[in-house]
Number of protein chains: 2
Amino acid sequence: MTTYRIGQFAAKVGLSAYTLRYYEQEGLLMPHRDANDQRYYTEEDVKWLIFILHLKGTGMTMSQLKTYVKLRAQGDATIDQRLTLLHDVADEAHAQIRALQNNLAVLEHKIDWYQGKVDATIAEDESFEAYLNRLDQEEKHDRTNL
Amino acid sequence: MTTYRIGQFAAKVGLSAYTLRYYEQEGLLMPHRDANDQRYYTEEDVKWLIFILHLKGTGMTMSQLKTYVKLRAQGDATIDQRLTLLHDVADEAHAQIRALQNNLAVLEHKIDWYQGKVDATIAEDESFEAYLNRLDQEEKHDRTNL
DNA sequence: GCTTGCCTTAGAGTCCACTCAAAGGCTTAT
DNA sequence: ATAAGCCTTTGAGTGGACTCTAAGGCAAGC
């Protein structure tokens, strides 16, 4: 069975050895030790860490992750709590995506507006505000003419 | 015409007066001054700040914002550069949304898996890995049977 | 006349998640 | 044999965007 020493593991998962020791200190990832106390990581650890990275990637904080890990260690009795926690994180992530999309929409309107100025397809002197209002009108119009 | 003193403006836009002075120091927002050097903000400032907050909300950094503002101050000759900058920010934001959605998908699969365990609709001892694999299979199956 | 709100500059503190350094020691690879 | 890689503990540094304090001083409202 394949095992990895910390340096190899770090390279494999794209983290530094520092970070791996830090995660271990925080209780997120507990590698095995060989006879000389050197850490080694297994494929199981790869899967678990990748899962952790997915959770982190949703915006889950270190502190939430630590809570999750502690609950997990207490066995099936804590599944409800884990579900609650994960639901909270998922809700947050959904909100974040919505916010991001909303902000991005404004940014892309601005890009279009600049592009229009460059292409001279919109009036030289139409303000961004006026442009946004015009878009709103057109949107309304589109919606009415479905 | 309505104007706001810093405290009122802060309340209106949901930032602190500290932050507004900080933004001013960084050149993002330059309010007017009255005879006693007290700042006052106009509706124009409201619009501009809200736009800035949208940009920030896409992940645009302070430093990018400062660049943008500087370009803007130099007039129409810098529109191409502004477009390039905003495109970069938009691309980043799109990537962020994709990453978030991807990570969230994994999290939601995990939630479903826990829920399945609680409902006893999945086997007591099916691992998350096995569950993900099974989902992949079913997805493939679904795609084939369109 | 007192409180509240604002002004200035300069600098310190906060939060989060790392990231690195120092120092001394052991093991593994070439 | 020597370098590279790992081990420990403790503590300091980093980056970004605020956030607040101190100290001293106007100015408007009740």
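These values consider heavy atoms only, across backbone and side chains, with no hydrogens, waters or symmetry-generated copies. Below, chains carry the letters A, B, ... as their sequence lines are ordered, and counting in each starts from 1.
Considering only side-chain N and O atoms, A/Arg33 lies nowhere under 4.0 angstrom from the phosphate OP1 or OP2 of D/dC6. Not one side-chain nitrogen or oxygen of A/Tyr40 sits closer than 4.0 Å to the OP1 or OP2 atom of D/dC6. Between D/dC20 and B/Arg21, no contact under 4.0 Å exists linking OP1 or OP2 to a side-chain N or O. Distances shown here put every side-chain N or O of A/Arg5 at or beyond 4.0 Å from the OP1 or OP2 atom of D/dG5.
Between the OH atom of B/Tyr18 and the C1' atom of D/dG16 there is a distance of 20 Å, rounded to whole Å. The separation between A/Arg39 atom CZ and D/dC7 atom P is 4 Å, rounded to whole Å. Regarding B/Gln8, its CD atom lies at a distance of 10 Å from the P atom of C/dG5, rounded to whole Å. The separation between A/Lys66 atom NZ and C/dC18 atom C1' is 13 Å, rounded to whole Å. In this structure, the CG atom of B/Asn36 is 12 Å from the P atom of C/dT8, given to the nearest Å. One can place CG of A/Asp34 at 11 Å from P of C/dA29, the figure rounded to the nearest angstrom. One can place CG of A/Leu28 at 10 Å from P of C/dA17, the figure rounded to the nearest angstrom. Counting to the nearest Å, the P atom of C/dC16 and the CD atom of A/Gln64 are 11 Å from each other.
Of the inter-residue distances, the one linking B/Thr19 atom OG1 with B/Leu28 atom CG reads 11.5 Å to the nearest 0.5 angstrom. The distance from the CG atom of B/Asp88 to the CD atom of B/Gln64 is 7.5 Å, given to the nearest 0.5 Å.
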Kindly determine whether A/Phe128 and B/Phe51 satisfy ring-ring contact (aromatic ring centres under 6.0 Å, His included), including the steps that lead there. CA-CA 10 Å; A/Phe128 181 51; B/Phe51 178 57; 5.5 Å; yes
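Comparing D/dC7, C/dC7, D/dC18 against the side chain of B/Lys56 picks out D/dC18 as the nearest. Out of C/dA17, D/dA17, C/dC6, the shortest distance to the side chain of B/Tyr22 is found at D/dA17. Distance from the side chain of A/Thr61 is smallest for C/dA17 among the nucleotides C/dC7, D/dT8, C/dA17. Side-chain atoms of A/Thr19 lie closest to C/dC18 of the nucleotides C/dC18, C/dC7, D/dC18.
Side chains of B/Gln8 and B/Tyr41: a donor-acceptor N/O pair is absent below 3.5 angstrom, by distance only.
A residue-by-residue look at A/Met62 and B/Ala17 shows that B/Ala17 has its nearest nucleotide of DNA chain C further toward the 5' end.
Under 4.0 Å is where a charged nitrogen must lie from a carboxylate oxygen, and between A/Lys47 and A/Glu44 at least one such pair does.
Helix-axis bend for the helix from C/dG1-D/dC30 to C/dT30-D/dA1: the local axis fitted to the five terminal pairs at one end deviates from that at the other end by 10°, rounded to 10°.
The cationic atom of A/Arg72 (NZ for Lys, CZ for Arg) lies less than 6.0 Å from the six-membered ring centre of A/Trp48 and within 45° of the ring axis.
Residue pairs meeting the ring-ring contact (aromatic ring centres under 6.0 Å, His included) criterion with at least one partner in residues 59-107 of chain B, sequence neighbours excluded, do not occur; the list is empty.
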